[in-house]
Amino acid sequence: MFRKRFFISTLISIPVLVFSKAIQSFLGYSLGSFPGSAWITPLFAIAVFFYGGIPFIKMAIPEIRNRKPGMMTLISLAIIVSFVYSLAAQLFSLGVTFFWELVTLIDIMLLGHWIEMRSIRQASGALNELAKLMPDTAERIQPDGEFKTMAISELRKGDIVLVRPGSSVPADGEVIEGSSNVNESMITGESQPVHKEKDDPVLGGTINGDGSLHVRITAIGEETALAGIMKLVKEAQKSKSNTQILADKAAGWLFYLALTVALITAIAWVIAIGFNVSVIERVATVLVIACPHALGLAVPLVVAITTSMGASNGILVRDRLSMEKARKVDTVIFDKTGTLTKGQFGIVDLDFVKEHNGKEVLALAAAIEEDSEHTIARAIRDKAQAQELSLPHISGFEAIKGRGAQAKYRDSVVYVGGPRLLEMLQLTLPESLKKFSDHANMQGQSVVHLIQDNQVIASFALADEIRAESRSAVDQLHQMGIEVVMLTGDSQQVAQSVAKELNIDEFFAEVLPKDKDKMVQRLQEQGKLVAMVGDGVNDAPALTRADVGIAIGSGTDVAVESAGLILVKNNPLDVIKIFTLSKASYRKMVQNLIWATAYNLVALPLAAGVLAPIGFLLSPAVGALFMSLSTVIVAINAQLLRRTKLSVST
């Protein structure tokens with residue numbers, strides 16, 4: 001709306017400016033007079049007022065009704081007074097009119113609000129993204145064993161549904177037949193697929209692995225865990241404070257200042273010369289120039305530049321208030337999986353018996369797992385590929401369900417698998433590998449073993465790999481005096497290991513989605529300004545509840561929709577950039593508001609006539625010149641924000 005009205009209003013304003021006597025005097029040209037020329041300026045100005053100005057008047061009504069005058073009230077005051085007075089002056093030949101000031105004020109305010117609205121997106125898509133996790137249909141198993149495809153809304157408690165490999169679980173329930181690994185990371189934050197078999201619970205919206213499951217429905221509709229998360233997001237969105245931005249507060253102060261100065265002006269001039277047209281003109285001048293053009297651009301210009309700088313540095317600003325608040329954050333909460341860590345399994349350590357070496361055992365394990373699609377198999381292959389190892393030739397690959405894999409290498413049988421494989425083969429670990437395995441288990445890491453000739457020759461510790469930038473990010477936050485907290489749905493051992501590795505101040509493990517939301521609330525109740533950094537559906541309520549929600553860009557759409565700021569490059573170090581940019585941006589806003597409103601400190605007293613005793617009165621034309629000067633200063637000062645250095649050390 002603002003964009004369309006800005007372009008059309010600016011086009012209509014051209015005749016107003018070209019035929020304005022004041023503009024002609026400024027620029028030293030004359031168009032002369034011809035029949036109807038005197039009405040070109042007022043008629044086009046009236047069109048601009050009703051097309052471009054009325055929206056501001058409509059938006060001022062709630063401010064007046066709530067007794068909280070802001071930018072809209074101040075703009076409306078200036079354009080109504082200039083319109084009414086100028087129209088009266090034109091009809092009754094009173095002399096000075098404010099038509100060109102009227103149209104330029106409307107045009108610049110439309111431009112400012114267009115820039116402002118374009119840089120802001122409301123976090124209204126979060127609930128829609130949550131809803132997308134649920135499938136549209138389910139396959140109910142009929143009493144005769146046949147399958148019936150039906151809408152999710154038709155499911156009832158007690159129904160038995162078939163969940164095929166790779167499909168989403170349609171509602172909360174319990175497994176009554178089959179086994180599979182289920183990806184619950186988008187709901188619980190658990191980084192590893194969770195094995196499900198008979199009597200295990202499953203959650204609607206989670207993704208089934210490579211096995212088929214028969215699930216008895218235990219909760220539907222609003223009773224499901226996902227619906228509970230959606231409710232939390234909705235409540236957290238409603239709990240956002242309706243804080244006025246700084247420019248609105250400044251506009252409110254100027255509104256009262258303008259009325260006060262206008263009243264004093266009227267009283268003083270009536271006492272001095274009596275009531276006449278000159279008094280009305282003087283009061284109108286005060287009210288018209290009370291709204292500086294620069295005030296409409298002071299904040300939007302900085303917001304636009306902040307948005308641009310953020311985007312070029314891996315930060316998307318979706319909510320201006322989040323960027324403004326970031327400068328005061330004293331506590332940052334990080335989700336672990338996918339934020340501080342990569343969200344995928346990787347080999348973090350390995351050990352081997354003396355007769356072998358690390359590259360040899362890693363290459364052999366990768367060769368065995370070459371045809372497997374298991375998460376652990378991919379981690380082993382990725383590690384070997386990263387080291388550019390040449391894999392030995394193996395044959396006779398065979399998966400051992402629930403235990404590992406086996407193959408033939410040269411003249412021996414080789415295996416890769418975990419503790420259950422050792423049980424099946426009735427093998428024990430050598431002392432050195434037992435110590436390695438025990439230490440890894442204490443760290444919450446998974447351990448798999450390489451077996452050759454019925455002897456364990458190597459062990460691999462696997463875990464969700466910590467991002468290389470995470471330690472530096474935590475260290476630099478500490479240097480800024482910011483406390484770092486970690487929340488995760490993972491086990492206590494895994495959380496403790498990551499927290500110790502990164503020197504995190506405090507961590508909370510095995511946290512459910514509703515508890516993440518409560519953790520944020522608890523810290524806020526302690527008087528802390530909290531930023532939440534996360535990437536999953538389970539983080540959505542906390543991201544929305546936090547004073548500043550920061551989503552990792554590769555995360556789920558709902559996490560992105562729930563946050564005010566987005567890290568496009570998945571780099572925790574960009575959190576540092578957010579705080580640096582927030583502080584610099586806020587400084588520029590304050591400076592611009594000072595430049596914009598300082599104009600009033602000079603112009604209003606002069607317009608009121610404080611220097612009239614010595615023969616000086618500020619004319620509307622000169623007042624408009626002052627307004628233009630303050631606008632130029634504000635624009636230049638906003639551009640200086642680009643000099644801010646956002647680079648961070650790694």
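Since the structure is predicted, the reported quantities are computational estimates derived from the model, not experimental observations.
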Exercise. Should Asn571 and Arg467 be marked as a side-chain contact (heavy atoms from CB on, under 4.5 Å) after you check the CA-CA gap, both sets of side-chain angles, and the distance that decides it?
Worked result: CA-CA 8 Å; Asn571 187 347; Arg467 293 184 186 274; over 6 Å; no
Separation between [atom1] of [X] and [atom2] of [Y], rounded to the nearest 0.5 Å:
X      : Y      : atom1 : atom2 : result
Ile347 : Lys383 : CD1   : NZ    : 6.5 Å
Lys500 : Leu502 : NZ    : CG    : 12.5 Å
Arg327 : Thr580 : CZ    : OG1   : 14.0 Å
Ser168 : Asn208 : OG    : CG    : 9.0 Å
Met532 : Ile333 : CE    : CD1   : 6.0 Å
His439 : Ser459 : NE2   : OG    : 13.5 Å

Is [X] salt-bridged to [Y], cutoff N-O under 4.0 Å?
X      : Y      : value
Lys336 : Asp464 : yes
Lys198 : Glu177 : no
Lys577 : Asp574 : yes
Arg381 : Glu369 : no
Glu223 : Lys157 : yes

Test item: [X] and [Y] side chains (from C-beta on) under 4.5 Å apart, heavy atoms:
X      : Y      : answer
Ile400 : Leu421 : yes
Val498 : Ile466 : yes
Thr488 : Phe334 : no
Lys325 : Tyr586 : no

Problem set entry | Stepwise salt bridge (Lys or Arg N to Asp or Glu O under 4.0 Å) test for Lys528 and Asp330 | CA-CA 6 Å; Lys528 297 179 179 179; Asp330 53 27; over 6 Å; no
Between the main-chain N or O of [Y] and the side-chain N or O of [X], is there a donor-acceptor pair closer than 3.5 Å?
X      : Y      : result
Asn313 : Gly310 : no
Asn66  : Lys68  : no
Asp547 : Val530 : yes
Ser472 : Glu469 : no
Gln445 : Leu462 : no
Thr544 : Ala540 : yes
Arg403 : Arg420 : yes
Asp505 : Glu483 : no
Thr306 : Val302 : yes

A quick test of your reading: do over 12 heavy atoms of other residues, nucleotides or ligands sit less than 6.0 Å from [atom1] of [X]?
X      : atom1 : value
Gln385 : CD    : no
Asp475 : CG    : yes
His478 : NE2   : yes

Considering non-hydrogen atoms only, spot the tightest contact between [X] and [Y] and give its length.
X      : Y      : value
Ser322 : Gly564 : OG-CA, 3.7 Å
Lys196 : Val182 : CG-CG2, 3.5 Å
Ile578 : Leu567 : CD1-CD2, 3.6 Å
Asp172 : Gly204 : OD1-N, 2.8 Å
Leu203 : Val169 : O-CB, 3.5 Å
Val163 : Pro170 : CG2-CD, 4.0 Å

For this session: Please assess His449 against Leu429 for the test side-chain contact (heavy atoms from CB on, under 4.5 Å), listing each intermediate value before the final yes or no.
Result: CA-CA 9 Å; His449 310 283; Leu429 292 170; 3.6 Å; yes
For this session: Could you walk me through whether Val485 and Thr331 pass the side-chain contact (heavy atoms from CB on, under 4.5 Å) test, one step at a time?
Result: CA-CA 7 Å; Val485 178; Thr331 304; 4.0 Å; yes
For this session: Please name the residue in the list Met519, Lys516, Gln524, Lys518 that meets the side chain to side chain contact (heavy atoms under 4.5 Å, CB included) test with Arg545.
Result: Gln524
Problem set entry | With sequence neighbours excluded, residues passing salt bridge (charged side-chain N to carboxylate O under 4.0 Å, His left out) with Arg378 |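 Only Glu373 meet the salt bridge (charged side-chain N to carboxylate O under 4.0 Å, His left out) criterion with Arg378.
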Exercise. Would Asn181 and Val194 count as a side-chain contact (heavy atoms from CB on, under 4.5 Å) if you check the C-alpha gap in whole Å, the side-chain angles of each, and the deciding distance to 0.1 Å?
Worked result: CA-CA 5 Å; Asn181 292 322; Val194 180; over 6 Å; no
